[in-house]
S.K.: 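Have a look at the structure that comes next, please.
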Amino acid sequence: MTRYLAGPPVPDITEQAARLARIVKNRETAPAGTGFWALETKDGGDLVGAVLLKALPLTAGGISDEFEVGWHLRRDCWGHGYATEAAHWAVRRGLFELGLAEIYAILFAENVRSARVADRLGMQRVGETSQYYGVTVDLYSLSR
């Protein structure tokens, strides 16, 4: 699953700890109502992944005023509808509770499964961009 996350893998535990500390620090100044949420099964809380709604980081540095929805799931949980259900919740939260005019999804072109999730959410592929995360990705968009 990590091959589809923007940015290189972090193989060293010290680097990963520093990365997580930066994420926590960034969350302290993040817009209210945005974040990362754990996904668990309805029957007993088995952790299956996470969904996010957050401001997009710019390749040039800093944070944009545009927001993304994202989903990360354990491989054995792919194909069960978790990503679509969770992302649908996050999109509705962003568009209707937070009043965002538009939400983006950032996907690698070869990530066909996530492209299908974006399609099910009603998102449209805008094209390629390298504006975020320092990599070239497909940009999907959904407007209120």
Side-chain angles (χ1 to χ4, degrees), residues 1-12 15-27 30-144:
M1 184 263 318
T2 58
R3 74 179 178 264
Y4 296 126
L5 298 179
V10 182
D12 178 82
E15 289 177 47
Q16 184 62 29
R19 182 180 182 191
L20 290 172
R22 284 190 306 274
I23 290 170
V24 168
K25 188 174 192 305
N26 288 342
R27 289 300 318 140
T34 64
F36 295 76
W37 295 272
L39 303 179
E40 44 184 54
T41 58
K42 291 180 183 178
D43 63 354
D46 188 25
L47 185 65
V48 299
V51 66
L52 61 89
L53 178 65
K54 68 180 192 72
L56 279 160
L58 296 168
T59 295
I63 302 295
S64 78
D65 58 356
E66 298 167 322
F67 289 80
E68 74 169 312
V69 61
W71 44 90
H72 313 133
L73 291 133
R74 290 187 346 223
R75 186 179 184 101
D76 65 325
C77 296
W78 294 358
H80 297 281
Y82 296 120
T84 302
E85 181 179 348
H88 180 74
W89 171 83
V91 164
R92 289 185 55 77
R93 178 181 183 87
L95 294 177
F96 300 109
E97 291 179 31
L98 303 181
L100 301 175
E102 193 164 26
I103 295 177
Y104 296 96
I106 305 295
L107 307 174
F108 286 100
E110 65 272 14
N111 191 348
V112 176
R113 287 179 171 272
S114 281
R116 284 191 219 130
V117 172
D119 289 342
R120 284 192 291 273
L121 294 172
M123 300 185 101
Q124 301 296 313
R125 184 178 181 278
V126 177
E128 286 187 349
T129 184
S130 57
Q131 184 175 351
Y132 313 106
Y133 293 107
V135 293
T136 301
V137 292
D138 284 348
L139 183 66
Y140 286 73
S141 172
L142 181 66
S143 299
R144 190 171 357 123

S.K.: May I ask you to test the Thr41-Tyr82 pair for a side-chain heavy-atom distance under 4.5 Å?
M.R.: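 With C-beta onward as the side chain, the pair touches.
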S.K.: Specify the closest pair of heavy atoms between Ala38 and Leu47, including all atoms of both residues, with the distance to one decimal.
M.R.: CB-CD1, 3.7 Å
S.K.: Mark yes or no for whether Trp71, through its side chain, and Thr84, through its backbone, hold a donor-acceptor pair below 3.5 Å.
M.R.: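 Not a single qualifying donor-acceptor pair exists.
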S.K.: Which heavy atom in Asp119 sits nearest to a heavy atom in Tyr140, and how many Å separate them?
M.R.: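 Looking at all heavy atoms of both residues, the shortest contact is OD1-CE2, 4.1 Å.
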S.K.: Do Asp46 and Arg74 come within less than 4.5 Å of each other through their side chains, counting heavy atoms only?
M.R.: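 Yes - at least one pair of side-chain heavy atoms lies under 4.5 Å apart.
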S.K.: Determine all donor-acceptor pairs shorter than 3.5 Å in which one atom belongs to a side chain in residues 121-128; sequence neighbours excluded.
M.R.:
| from | atom 1 | to | atom 2 | distance (Å) |
| --- | --- | --- | --- | --- |
| Arg125 | NE | Asp138 | OD2 | 3.4 |
| Arg125 | NH2 | Asp138 | OD1 | 2.9 |

S.K.: For residues 92-101, which side-chain donor-acceptor pairs fall under 3.5 Å, sequence neighbours excluded?
M.R.:
| from | atom 1 | to | atom 2 | distance (Å) |
| --- | --- | --- | --- | --- |
| Arg93 | NE | Gly33 | O | 2.7 |
| Arg93 | NH2 | Gly33 | O | 3.4 |

S.K.: Looking at side-chain heavy atoms only, is the closest gap between Val135 and Ile106 below 4.5 Å?
M.R.: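 Of all side-chain heavy-atom pairs linking Ile106 with Val135, none is under 4.5 Å.
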S.K.: Please work out whether the ring planes of Tyr104 and Tyr132 are parallel, tilted or perpendicular, with thresholds of 30° and 60°.
M.R.: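 Ring orientation, 0 to 90° scale: tilted.
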S.K.: Shortest non-hydrogen contact from Arg113 to Gly79?
M.R.: NH1-N, 4.0 Å
S.K.: Using a 6.0 Å cut-off, check whether atom CD of Glu102 has over 12 heavy atoms from anything other than its own residue.
M.R.: yes
S.K.: Of all heavy-atom pairs between Leu73 and Ala83, which one has the smallest distance, and what is that distance?
M.R.: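 Heavy atoms only, the tightest pair is CD1-CB, 3.3 Å.
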S.K.: Step by step, would you call Leu52 with His72 a side chain to side chain contact (heavy atoms under 4.5 Å, CB included)?
M.R.: CA-CA 9 Å; Leu52 61 89; His72 313 133; 3.4 Å; yes
S.K.: What distance separates Glu66 CD from Gln131 CD, expressed to the nearest 0.5 Å?
M.R.: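 With rounding to 0.5 Å, CD (Glu66) is 5.5 Å from CD (Gln131).
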S.K.: Mind checking whether Leu56 and Ile63 have side chains closer than 4.5 Å, heavy atoms only?
M.R.: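 Counting from C-beta outward, Leu56 and Ile63 never come under 4.5 Å.
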S.K.: Can you give me the closest heavy-atom contact between Leu58 and Ser64, atom names plus distance?
M.R.: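 Shortest heavy-atom contact: CD2-CB, 3.6 Å.
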S.K.: Quick check: closest heavy atoms across Ser114 and Leu107, and the distance to 0.1 Å?
M.R.: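 Scanning both residues, the minimum pair turns out to be CB-CD2, 3.6 Å.
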S.K.: Could you walk me through whether Thr136 and Thr129 pass the side chain to side chain contact (heavy atoms under 4.5 Å, CB included) check?
M.R.: CA-CA 5 Å; Thr136 301; Thr129 184; over 6 Å; no
